[in-house]
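Taking it in order: structure first as structure tokens, then the write-up.
All values derive from a computational prediction rather than experimental measurement.
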Amino acid sequence: YKNDDKLVDAIRLISTMDKIKKDALYFKYSNSEFYDKLTHEIDELTDFLTSCSNNRQSDIDKQADNIKEIGKKIELIYQLIDKYSTG
């Protein structure tokens with residue numbers, strides 16, 4: 001968050017998530033269960049990022065909660081990729 005109480009760099013993270021979704025298109029046909037779960041989790045994260053970046057948040061505790069939630073959502077995506085890449 002910046003001094004204006006808006007989340008910063010959300011656009012960069014959303015862009016990265018969009019790239020991951022595009023790179024994962026192969027799995028839409030070869031492993032649709034993985035693809036569906038991955039795109040769902042990415043959509044959840046990007047929706048949350050969009051919401052956070054579009055709304056000012058002056059409450060420092062709420063800002064911290066949002067950052068934690070973003071971290072949890074990213075971790076879920078990593079765990080899902082790891083689970084399907086290692087079998």
Side-chain angles (χ1 to χ4, degrees):
Y1 283 88
K2 275 188 121 174
N3 293 340
D4 64 357
D5 299 327
K6 292 193 87 173
L7 185 66
V8 294
D9 292 333
I11 292 172
R12 288 179 46 198
L13 187 51
I14 290 170
S15 176
T16 300
M17 292 297 108
D18 287 343
K19 183 175 180 342
I20 291 172
K21 278 177 69 171
K22 190 180 291 185
D23 290 346
L25 273 173
Y26 164 80
F27 295 102
K28 184 174 185 176
Y29 304 101
S30 70
N31 188 339
S32 61
E33 179 183 354
F34 167 65
Y35 178 79
D36 291 343
K37 287 180 180 180
L38 179 63
T39 56
H40 173 76
E41 294 301 332
I42 289 173
D43 290 343
E44 290 280 319
L45 173 60
T46 56
D47 289 348
F48 189 73
L49 288 167
T50 301
S51 175
C52 288
S53 63
N54 286 338
N55 299 302
R56 295 183 189 279
Q57 184 54 257
S58 58
D59 183 338
I60 293 173
D61 291 332
K62 183 65 176 163
Q63 288 179 2
D65 290 344
N66 288 345
I67 296 298
K68 287 179 188 174
E69 185 65 24
I70 291 167
K72 287 178 187 177
K73 291 179 181 300
I74 291 171
E75 188 172 336
L76 278 173
I77 292 168
Y78 274 111
Q79 288 173 347
L80 185 61
I81 291 170
D82 185 55
K83 175 184 173 186
Y84 281 91
S85 68
T86 59

Hey, any chance Leu25 and Ile81 share a hydrophobic cluster, counting ILVMFWY side chains that come within less than 4.5 Å of each other, even indirectly?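 Yes, Leu25 and Ile81 fall within the same hydrophobic cluster.
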Establish whether Phe34 and Tyr29 are linked, either directly or via other cluster members, by ILVMFWY side-chain heavy-atom contacts under 4.5 Å.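 Unlinked, Phe34 and Tyr29 end up in two clusters.
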Does CD1 belonging to Ile11 count more than 12 external heavy atoms closer than 6.0 Å?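 Atom CD1 in Ile11 is not packed in, count stays at 12 or less.
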Is Asp18 paired with Lys22 through a side-chain N to carboxylate O contact shorter than 4.0 Å?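 No, Lys22 and Asp18 are not salt-bridged.
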Lys/Arg N to Asp/Glu carboxylate O, Lys28 vs Asp36, below 4.0 Å: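 Looking at Lys28 and Asp36, the cut-off is not met.
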About how many Å separate [atom2] of [Y] and [atom1] of [X], when rounded to the nearest 0.5 Å?
X     : Y     : atom1 : atom2 : answer
Ile14 : Phe48 : CD1   : CZ    : 11.5 Å
Gln79 : Tyr84 : CD    : OH    : 13.0 Å
Leu80 : Lys83 : CG    : NZ    : 7.0 Å
Leu45 : Ile42 : CG    : CD1   : 8.0 Å
Cys52 : Leu13 : SG    : CG    : 11.0 Å

Is there a side chain to side chain contact (heavy atoms under 4.5 Å, CB included) between Asp5 and Gln63 once you walk through the steps? CA-CA 8 Å; Asp5 299 327; Gln63 288 179 2; 3.6 Å; yes
Donor-acceptor pair, distance only, cut-off 3.5 Å: does the side chain of [X] make one with the backbone of [Y]?
X     : Y     : answer
Asn31 : Phe27 : no
Asp82 : Tyr78 : no
Glu41 : Leu76 : no

Show me the donor-acceptor pairs, under 3.5 Å and distance only, between side chains in residues 65-73 and residues at least two apart or in other chains.
residue : atom : partner : partner atom : Å
Asn66   : ND2  : Tyr1    : OH           : 2.8
Glu69   : OE2  : Lys73   : NZ           : 3.4

Using side chain to side chain contact (heavy atoms under 4.5 Å, CB included), reason through Met17 and Ile77 one step at a time and then give a plain yes or no. CA-CA 10 Å; Met17 292 297 108; Ile77 292 168; 3.9 Å; yes
Closest approach of Ala10 to Leu49 (non-hydrogen atoms, all atoms of both residues):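 Distance-wise, the nearest heavy atoms are CB-O, 4.2 Å.
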